Amino acid sequence: MPGAASAAAPSAATPAERRTLGTSVRAYVALTKPRVIELLLITTIPVMFLAADGLPSLGRVLLTFAFGWMSAGAANAVNCYIDRDIDAKMRRTRRRPLARAQVLPGRALAFGIALAVISTVGFALAVNVLSAAMSLFAILFYVFVYSLLLKRRTSQNIIWGGIAGCMPVLIGWSAVRGSIDWTPFVLFGVVFLWTPPHTWTLAMRYKEDYAVAKVPMLPVVASEKRVLGESLAYTWATVACSLLLWPVAGMTPVYGTVAILLGLVFLAEGHRLLKDVLRGVTGVHLRPMRFFHLSNVYLALLFTAVAVDPLLH
């Protein structure tokens, strides 16, 4: 009977359907690599404080945050599409959505392209054209230069590919000023120099993964002594560049003190690693992930000081 049919019709999605929808949403969010994006935004918003010489417009911060998330998410989603074959082989990445067949490859690619278009147009209309252009450059550089050209061909991949990860610094500055000058380029240099030792210590932990996937990260093709020697050189350069911001941007002694103290801790851990490898310590006993996690803390606290310092003037 019609009445019986109406009574039997469900009035809402079943728990199974809700779980399926939730799983799908989580899979698409995972394509954007949220943990990577968090790190990028840590470098964007503090620069906006510095560019504004105090508190930036909340609306401008929120718009930059939103479109910056979409921009980084676009690059990461397309990267997941490109790397779906090697992601399935590596312990660290085999739980990503494409490696687990949670999202069809074509849909992941379309999702990434859609985010790229929305973020670029959004930046252009709601922030400014310069920020939009730099956002688009970062996406294209990460996809075509790093993911397609460098990653599988050279151990220098992360050095030059890391340029894309430095762009949020310039985007944050231009979102406030509508122009670029030397100050954000100093912070661009900090992130650029910080990226190799940060990534190489992670790659040391997952060396076998990269070897199986035939990705020539430096720890795969070079000795631990060479990797840690080069990492320490970049660590020294990172700390030196962070101190250069003091005179260039007219920072207060508060920033200088924080940069020095953080730098000393960062360098001490880098020297600890090199000293251990020279004593014959190898493999997991080197504890490279301790440096990796410390490098995250270093960058977060340094950029926190960048945001706080203008408020002290």
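Small disclaimer: the values here were computed from a predicted structure and weren't measured.
- Counting non-hydrogen atoms of other residues, nucleotides and ligands closer than 6.0 Å to CZ of Arg60 gives a total above 12.
- Note that the CE atom of Met217 and the CG atom of Asn157 stand 5.0 Å from one another [nearest 0.5 Å].
- Relative orientation of the Phe141 and Phe137 rings is tilted, given thresholds of 30° and 60° on the angle between their planes.
- For the atom pair CD1 (Ile158) and CG (Leu202), the distance works out to 9.5 Å, reported to the nearest 0.5 Å.
- A distance of 9.5 Å separates OG1 in Thr44 from CZ in Phe65, rounded to the nearest 0.5 Å.
- Phe49 places none of its side-chain heavy atoms less than 4.5 Å from the side chain of Val176.
- Interatomic distance, CG of Leu294 versus CG of Leu299, reported as 11.0 Å (0.5 Å rounding).
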* Thr183/Val47 under side-chain contact (heavy atoms from CB on, under 4.5 Å): CA gap, chis, key distance, verdict -> CA-CA 9 Å; Thr183 295; Val47 174; over 6 Å; no

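- Between Trp236 and His271, the angle of the ring planes goes over 60°, which puts this pair in the perpendicular group of the 30/60° scheme.
- Residue Leu170 is not grouped with residue Val129 when hydrophobic side chains (ILVMFWY) are merged at heavy-atom distances under 4.5 angstrom, including chains of intermediate members.
- You'll find the side chain of Met167 reaches within 4.5 Å of the side chain of Phe188, heavy atoms only.
- A salt bridge is absent between Asp209 and Arg92: the closest approach of a Lys/Arg side-chain nitrogen to an acidic carboxylate oxygen does not fall below 4.0 angstrom.
- Taking 4.5 Å as the limit, some side-chain heavy atom of Val239 sits within range of a side-chain heavy atom of Leu267.
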* How far apart are the C-alpha atoms of Val212 and Met90, what are their side-chain angles, what is the distance that settles it, and do they pass the side-chain contact (heavy atoms from CB on, under 4.5 Å) test? -> CA-CA 7 Å; Val212 168; Met90 298 172 61; over 6 Å; no

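- Within the 4.5 Å cutoff, side-chain heavy atoms of Trp69 are placed close to those of Thr32.
- Between Val143 and Asn79, the closest side-chain pair of non-hydrogen atoms is not below 4.5 Å.
- Ser242 has its side chain within reach of Tyr255: a pair of non-hydrogen atoms, C-beta onward, lies under 4.5 Å apart.
- A salt bridge links Asp83 with Arg152: at least one charged nitrogen is closer than 4.0 Å to a carboxylate oxygen.
- A 4.5 Å side-chain heavy-atom check between Tyr210 and Pro219 finds every atom pair outside the cut-off.
- To the nearest 0.5 Å, atom CD of residue Gln102 and atom OH of residue Tyr28 are 11.0 Å apart.
- Note on Val36: it does not cluster hydrophobically with Phe303, by side-chain heavy-atom contacts below 4.5 Å among ILVMFWY residues.
- Taking CD1 of Ile42 as the start and CG of Asn296 as the end, the distance is 7.5 Å to the nearest 0.5 Å.
- Ring orientation note: the planes of Phe266 and Tyr298 are close to parallel, at an angle under 30° on the 30°/60° scale.
- For the pairing with Pro184, the side chain to side chain contact (heavy atoms under 4.5 Å, CB included) check across Leu187, Ile180, Val186 returns one residue only, Ile180.
- Salt bridge annotation for Arg279-Asp276: present, with a cationic side-chain nitrogen under 4.0 angstrom from a carboxylate oxygen.
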* What do the steps show when you test Leu50 against Trp173 for side-chain contact (heavy atoms from CB on, under 4.5 Å), and what is the final call? -> CA-CA 8 Å; Leu50 186 59; Trp173 184 275; 4.0 Å; yes

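- For the pair Val103/Leu31, a side-chain contact is recorded, criterion being any heavy-atom separation below 4.5 Å from C-beta on.
- Of the charged side-chain nitrogens involved, none lies within less than 4.0 Å of a carboxylate oxygen, so that Glu38 and Arg35 do not count as a salt-bridged pair.
- Residues Trp200 and Tyr234 place their aromatic rings such that the two centres sit under 6.0 Å apart.
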* Under the side-chain contact (heavy atoms from CB on, under 4.5 Å) criterion, do Leu232 and Leu228 qualify, and how do the steps go? -> CA-CA 6 Å; Leu232 185 57; Leu228 294 177; over 6 Å; no

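- If you chain together hydrophobic residues whose side chains sit under 4.5 Å apart, Met251 and Leu261 never meet in one group.
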